[in-house]
There are 2 protein chains.
Amino acid sequence: MSKLETAQKIEQAFERTGVRRTPQRFFVLERLLTKPDHATVEELWAALNRRHARASRATVYNTLHALVQAGLVREFTLDGKAARYDANLERHHHFVCDSCGAVEDVNWFDVPQLEGNESEKRSIRSYEVTLRGKCAKCHSNN
Amino acid sequence: MSKLETAQKIEQAFERTGVRRTPQRFFVLERLLTKPDHATVEELWAALNRRHARASRATVYNTLHALVQAGLVREFTLDGKAARYDANLERHHHFVCDSCGAVEDVNWFDVPQLEGNESEKRSIRSYEVTLRGKCAKCHSNN
DNA sequence: CTGCTAACTTAGACATAGTTCTAATTTAAG
DNA sequence: CTTAAATTAGAACTATGTCTAAGTTAGCAG
Ligand SMILES: [Mn+2]
Ligand SMILES: [Mn+2]
Ligand SMILES: [Zn+2]
Ligand SMILES: [Zn+2]
């Protein structure tokens, strides 16, 4: 997706969801869309400061809350660390590199039916698989 | 498993792994084995205090570190909250109740082979499925 | 285009949960 | 009995996230 297309997509998303367009919000969503690395607040804040110097952490938090509220971004956490943000709204799983900590998307796949009394009394609303291992980069850098 | 059998199992585990036997450690491991609710430090500390009043939180932390070190307990976190502890060493998945927060074991099942270039450049060491929904108890209490 | 104002941004203080550390006391195990 | 190791109470620490009050701006009405 070209830079222009991404920009239009973001504009439309803001329009559609009634999120007010600010340079900071635009930057954060663009960053999440173009670099699907599941950045943390700290990382997004650092990136934002490289562009719009003097950005506040509070703005990053506020922006992310607004984007999550609007359904444009999903929040999750891994291993009790800082929250991570994901603008990929497709169903997918995640892979975490033991060595460098990178979090990568993994195409969706269904999981076998949970048979028998296992799932009888429970209702499952959603599930996700977290894979762990060594990422491609860490394999080659060896 | 009877209370006696559990006690013997714990004694043996301590012996085998060289973990020194203290009432606090015995209690924590017994509690994790007999009530597989994936308790947090806070919960274990509260339970411990009901029995051995005046237990320190530090002891619970120290105990759990020792047990994890010895491979008798596994630690994990959900949703960026406090660490949870699991004395069930079998391979298994977890179910989390959206409504009451309970964390339950789910029998192991394999996940389909991750085909194609998805897994080509990565090596997968482990994976786990986290299911979410409404637990049996929350279904009946309605 | 201009001015208005609610909404946003900023800097940094503040809050909090979770965990680790410390130094004195007690205890398991040989 | 001895002593290395464990326990205790509570202070201290840390990472993450929230709040505040003053300044700035997006978006709209006129
Ligand atoms: Mn993702
Ligand atoms: Mn478990
Ligand atoms: Zn890696
Ligand atoms: Zn429940």
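Everything quoted here is computed from the prediction, not taken from an experiment. Below, read A as the first sequence line, B as the second, and so on, with proteins coming before strands; counting in each chain starts at 1.
To the nearest 0.5 Å, the span separating NZ on A:Lys121 from SG on B:Cys135 amounts to 11.0 Å. Between the CG atom in B:Leu44 and the OH atom in B:Tyr85 there is a gap of 8.5 Å [rounded to 0.5 Å]. Note: B:Leu32 CG to B:His38 NE2 = 9.5 Å, rounded to the nearest 0.5 Å. For the atom pair CD of B:Glu104 and CG of B:Leu131, the computed distance is 10.5 Å after rounding to the nearest 0.5 Å. Of the inter-residue distances, the one linking A:Ile10 atom CD1 with A:Glu5 atom CD reads 12.0 Å to the nearest 0.5 angstrom. The CG atom of A:Leu72 lies 7.0 Å from the CG atom of A:Leu89; values are rounded to the nearest 0.5 Å.
Partners of B:Tyr127 by ring-ring contact (aromatic ring centres under 6.0 Å, His included), not counting sequence neighbours, listed by chain and number: B:Trp108.
The neighbour count for B:Lys134 NZ, taken as heavy atoms of other residues, nucleotides or ligands under 6.0 Å away, is above 12.
Read 5' to 3', the first and last nucleotides of DNA chain D with an atom closer than 4.0 Å to a heavy atom of chain A are D:dT16 to D:dG27. For DNA chain C, the contact window with chain B, defined by any atom under 4.0 Å from a protein heavy atom, covers C:dG18 to C:dA29 in 5' to 3' order.
A:Thr130 and A:His93 are not linked by any side-chain donor-acceptor pair at a separation below 3.5 angstrom, with hydrogens and angles left out of the test. A donor and an acceptor atom, one from each side chain of B:His92 and B:Asp86, are located under 3.5 Å apart.
Near DNA chain D, defined here as any heavy-atom distance below 4.0 Å, the residues from residues 15-42 of chain A are A:Arg20, A:Arg21, A:Pro23, listed numerically.
Note on B:Ala83: only backbone sugar-phosphate atoms sit closer than 4.0 angstrom, heavy atoms only; bases stay farther off. Among the protein residues, A:Ala82 comes within range of the sugar-phosphate backbone only, with heavy atoms under 4.0 Å from sugar or phosphate atoms but none that close to a base. Contact annotation for A:His52: no contact, since no heavy-atom pair falls under 4.0 Å across all strands.
Between B:His65 and A:Ala55, the one whose closest nucleotide on DNA chain C sits nearer the 5' end is A:Ala55. Each of B:Gly80 and A:Leu48 was assigned the nucleotide of DNA chain C with the nearest heavy atom; the assignment lying further toward the 5' end belongs to A:Leu48.
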Chi angles and distances behind the salt bridge (charged side-chain N to carboxylate O under 4.0 Å, His left out) call for A:Arg31, A:Glu43
CA-CA 10 Å; A:Arg31 164 64 210 264; A:Glu43 290 162 350; 5.4 Å; no

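Sorted by first and then second residue, the salt bridge (charged side-chain N to carboxylate O under 4.0 Å, His left out) pairs with a member in residues 14-23 of chain A read A:Glu11-A:Arg21; sequence neighbours excluded.
If one axis is set at each end of the helix from C:dC1-D:dG30 to C:dG30-D:dC1 from five pairs, those axes are 40° apart, to 10°.
The residues A:Glu128 and A:Arg91 are annotated as not salt-bridged, no charged nitrogen and carboxylate oxygen being separated by less than 4.0 angstrom.
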